Amino acid sequence: MEKGKLQEYWKINLGYLIGLLVVWFVVSYGFGILFVNQLNAIQIGGFKLGFWFAQQGSIYVFVILIFVYVALMNKLDKKFDVRED
Amino acid sequence: MDVQMWTYTIVGITFLIYIAIAVWAKAGSTKEFYVAGGGVPPVLNGMATAADWMSAASFISMAGLISFMGYDGSVYLMGWTGGYVLLALLLAPYLRKFGKFTVPDFVGDRYYSNAARTVAIICAIFVSFTYVAGQMRGVGVVFSRFLEVDITTGIIIGMCIVFFYAVLGGMKGITYTQVAQFCVLIFAYLVPAIFLSIQIANNPIPQIGFGGAGADGIPLLEKLDMLHKDLGFAAYTSGSKPMIDVFAITFALMVGTAGLPHVIVRFFTVPKVRDARISAGWALIFIALLYTTAPAIATFARLNLIDTVSNKSYEGLPNWFKKWENTGLLAWMDKNGDGIIQYTGKNIGGGDAFEGSKPAFTKETGAHGEPLLSNKPNDNSNELYIDKDIMVLANPEIGGLPDWVIALVAAGGLAAALSTAAGLLLVISTSIAHDLVKKQLNPGISEKSELLFARVAVAVAIVIAGYFGINPPGFVAEVVAFAFGLAAASFFPVIILGIFSKRMNKEGAIAGMLVGLIFTAAYIVNFKFLNPGMNKPEFWFMGVSPEGIGTVGMLINFAVSYVVSRFTPAPPQEIQDLVDSLRYPKGAGEAVEH
């Protein structure tokens, strides 16, 4: 593959990484730790929201993030013709 | 059948399954031994990774820790799952593309240096042995309680089983055994949780149940907060650790997860780069099944425990309390002689019931039939000693569940401990046979001799691990936390920089690893072993505990690597081309030996 296209592929990949890692940081360190007290003022069912993010919500989001990344990259691999057969 | 018979039967059957798989999956080549031939389907690899990853600490200790720590226990939940996002996005696909057998292999080749390889081998062995000691201890705890043998015998039985399938099957045997072990451990974990959730919250899904309400209509978590307040403990849903420490510990556990050699090596075993990405996703789904259930178990167990023991007369306690006293994991010291159990926390003058970290029984019994202790009582109102490890193991008995469930939990605990131990032992053996002997000492070694060498190395590693299990260096989960700090401070930066910075050279990598590792190890050893009396927030560096110090070690590693690499020559062109080729999937091929 030519160098320019490879660089473009890598740049888009890095863009995905940064976007997904921002979400990763916000749900765990943001909602679960830094703003936990503020979010705990909101109660859904028997859960305080900040506590819920720390013990449940962030884990669900982590799973979703990986599958979103897989889907994005599979599409990107095809577009740039670097997909393995 | 009684509990004992059920336990022998269920544990026996699972052991037979593991051995049968080992015989079926016997490794014939080094490639099968190191990376299971590189052809494991992603879903199965996800299960194997989950079992490899979920250790005795996850299965036995974690829910117990959370039930005592409440919100503070979230560090384990987020930390031990969030690392998989880093693995899937930042490490797994590139390492798979690189296509070698081990992490030291990557470090050695990417940094074109046998010195870097050697540092990585030392890190891998150090991290793995730290971690494996905790696993063997976990095996001992489960055996001693459920098979009523002493801990040493239990560990020796466990060693024999691991010996059989790790030595014979290598990675191939371990992978398929771990798939079976995952099924056993997740079933064993979910069954009692579902029973308890139905009993306590009237909801079959524990993840939802613990946000529900009991028969009195008060939400369980609110009730627990009130009980904690009344008994003098920190509020359950807000915890007591300072925010910076919660932050640092969570980060150290996440980055540590992404840097653990026995987890990373699992992504070398799938056929393609895209399989490496998705198998991290599968792994996290399988892990999340347990990790989202753990806080529910913690809440149920904590409520049950307080309801059952607090301010109750000793003579009227259920049978399970007395059974667990026999294992030394539970003890009551009637300080005020009223025959009633006072269980109190720091906020109203409670604390540790007596001096010494473990109860020492005198073999005599007191006025109410309780086993007497020779420990010196502490000057506070608390009378109860509870080892956190019993919260999961005793759960079925506390809930009054059928005997076969109790036996199942024993089998699950063993599966969790043995699968992780096997994965770690393989890392140790590969580091020695492949990275040290084949790559450095004797490159001309034949494949047959290398395979023999790998098998001998596993055998030796098992004996050493068993020794650490019998003479444990500390508490199960605590020891495991060290391994994470060390992995975070050594491997994570060196791999990330190896992929994402073409300019990173061998001088930077070696300096970073050494400084990160030495700083982190020195901090932990100082506070945990040399000066345990000083292990308090006012003496900690910026308020970060030894459990969270890996985060600082990692930052130091990154900083040192960066600075040193800027003052030393850039890596040669072929290395920069290698880094380029890591970055796109086509042409990854199979895991190859160079």
Side-chain angles (χ1 to χ4, degrees), chain A residues 1 3 5-7 9-11 13-14 16-21 23-25 27-29 31-37 40 43-48 50-74 76-78 80-85, chain B residues 66 70-71 73-75 77-79 81-82 84-90 93 201 207-208 210-213 218-222 236-238 243 246-247 250-251 254 271-275 277-278 280-285 287-288 291-292 294-296 298 500 580 583-589:
Chain A
M1 195 172 46
K3 206 134 193 179
K5 277 198 96 179
L6 171 61
Q7 274 170 357
Y9 172 86
W10 184 243
K11 233 174 109 182
N13 179 18
L14 289 181
Y16 291 160
L17 291 181
I18 291 168
L20 294 169
L21 287 178
V23 179
W24 167 83
F25 186 84
V27 290
S28 50
Y29 295 93
F31 296 167
I33 299 175
L34 297 174
F35 299 107
V36 67
N37 294 327
N40 275 344
Q43 185 143 352
I44 293 173
F47 289 111
K48 292 176 180 167
F51 178 81
W52 183 80
F53 265 107
Q55 298 215 331
Q56 300 273 289
S58 55
I59 302 177
Y60 301 132
V61 176
F62 294 155
V63 173
I64 295 167
L65 285 176
I66 297 182
F67 281 91
V68 168
Y69 180 67
V70 169
L72 288 172
M73 289 309 285
N74 282 346
L76 194 68
D77 287 353
K78 264 197 194 131
F80 281 83
D81 197 28
V82 292
R83 186 183 163 87
E84 302 155 275
D85 313 308
Chain B
I66 298 167
Y71 166 77
S74 314
V75 296
L77 296 166
M78 288 192 285
T81 53
Y84 275 83
V85 178
L86 300 177
L87 264 172
L89 272 54
L90 304 178
Q207 284 82 347
I208 301 172
F210 87 109
I218 307 170
L220 297 174
L221 289 164
E222 223 165 274
Y236 190 81
T237 58
S238 51
M243 191 176 278
V246 172
F247 198 99
T250 307
F251 207 87
M254 280 197 192
K272 293 189 172 67
V273 170
R274 65 169 184 274
D275 296 332
R277 292 186 198 124
I278 199 155
W282 285 117
L284 187 56
I285 286 189
I287 290 165
Y291 274 57
T292 54
F500 290 89
D580 259 337
R583 295 180 175 180
Y584 60 104
K586 207 172 189 173

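Each chain gets a letter, A, B and so on, in the order the sequences are listed, and its residues count up from 1. Nothing here was measured: the structure is a model prediction, and the numbers come from that model.
- Residues Ile59(A) and Ala288(B) approach most closely at CG2-CB, 3.7 Å, considering heavy atoms.
- The ring-ring contact (aromatic ring centres under 6.0 Å, His included) check on Phe67(A) picks up Trp282(B), with sequence neighbours excluded.
- Interface remark: of the candidates Phe53(A), Tyr60(A), Phe51(A), Phe51(A) forms the most heavy-atom pairs closer than 4.5 Å to chain B.
- In this structure, Ile66(A) CD1 and Leu86(B) CG are separated by 9.0 Å, a value rounded to the nearest 0.5 Å.
- Taking the six-membered ring where the residue is Trp, the centroids of Phe210(B) and Trp52(A) are separated by 6.0 Å or more.
- For chain A, the option among Pro295(B), Gly70(B), Pro219(B), Ala298(B) with the highest count of heavy-atom pairs below 4.5 Å is Pro295(B).
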| said: Set out, in order, the CA-CA distance, both residues' side-chain angles and the distance that settles side chain to side chain contact (heavy atoms under 4.5 Å, CB included) for Tyr71(B) and Ile33(A), then state yes or no. | reply: CA-CA 10 Å; Tyr71(B) 166 77; Ile33(A) 299 175; 4.0 Å; yes
| task | Any chance you could lay out the side chain to side chain contact (heavy atoms under 4.5 Å, CB included) test for Asp580(B) and Trp10(A), step after step, and finish with the verdict? | result | CA-CA 9 Å; Asp580(B) 259 337; Trp10(A) 184 243; over 6 Å; no
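- Surrounding OH of Tyr16(A) are more than 12 heavy atoms belonging to other residues, nucleotides or ligands, all under 6.0 Å away.
- Between chain A and the residues Gly73(B), Ala213(B), Gly211(B), the largest count of heavy-atom pairs under 4.5 Å involves Gly211(B).
- With a 4.5 Å cut-off on side-chain heavy atoms, Met254(B) and Ser28(A) count as touching.
- Here Phe25(A) pairs with Tyr29(A) under the ring-ring contact (aromatic ring centres under 6.0 Å, His included) rule; sequence neighbours left out.
- Judged by distance alone, the side chain of Glu84(A) and the main-chain N or O of Val273(B) form a donor-acceptor pair under 3.5 Å.
- Between Tyr69(A) and Ala88(B), the closest heavy-atom pair is CE2-O, 3.7 Å.
- Interatomic distance, Arg277(B) CZ to Leu72(A) CG, rounded to the nearest 0.5 Å: 10.0 Å.
- Of the two parts of Leu89(B), the backbone and the side chain both hold a non-hydrogen atom closer than 4.5 Å to a non-hydrogen atom of chain A.
- Classification of Asp77(A) and Lys272(B) as a salt-bridged pair fails, no side-chain N sitting under 4.0 Å from a carboxylate O.
- At least one side-chain heavy atom of Leu90(B) sits less than 4.5 Å from a side-chain heavy atom of Leu21(A).
- Annotation: side chain of Val85(B) is not in contact with side chain of Leu20(A) (no heavy-atom distance under 4.5 Å).
- Interface check for chain B: of the options Gly32(A), Ala71(A), Gly50(A), the most heavy-atom pairs under 4.5 Å are formed by Gly32(A).
- The part of Glu222(B) that comes within reach of chain A is its side chain, from C-beta onward, which places non-hydrogen atoms under 4.5 angstrom from that chain.
- The backbone N or O of Asn74(A) sits nowhere less than 3.5 Å from a side-chain atom of Arg274(B) that would complete a donor-acceptor pair.
- In terms of non-hydrogen atom pairs under 4.5 Å with chain B, the most contact-rich of Asn37(A), Val36(A), Ile64(A), Leu65(A) is Val36(A).
- Taking the side chain as every heavy atom from C-beta outward, Leu17(A) and Phe500(B) approach each other to under 4.5 Å.
- The shortest distance between side-chain heavy atoms of Leu34(A) and Phe247(B) falls below 4.5 Å.
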| Trace of the side chain to side chain contact (heavy atoms under 4.5 Å, CB included) decision for Asn13(A) with Tyr584(B) | CA-CA 10 Å; Asn13(A) 179 18; Tyr584(B) 60 104; over 6 Å; no
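- In terms of heavy-atom pairs under 4.5 angstrom with chain A, the leader among Thr81(B), Ile66(B), Val75(B), Ile218(B) is Thr81(B).
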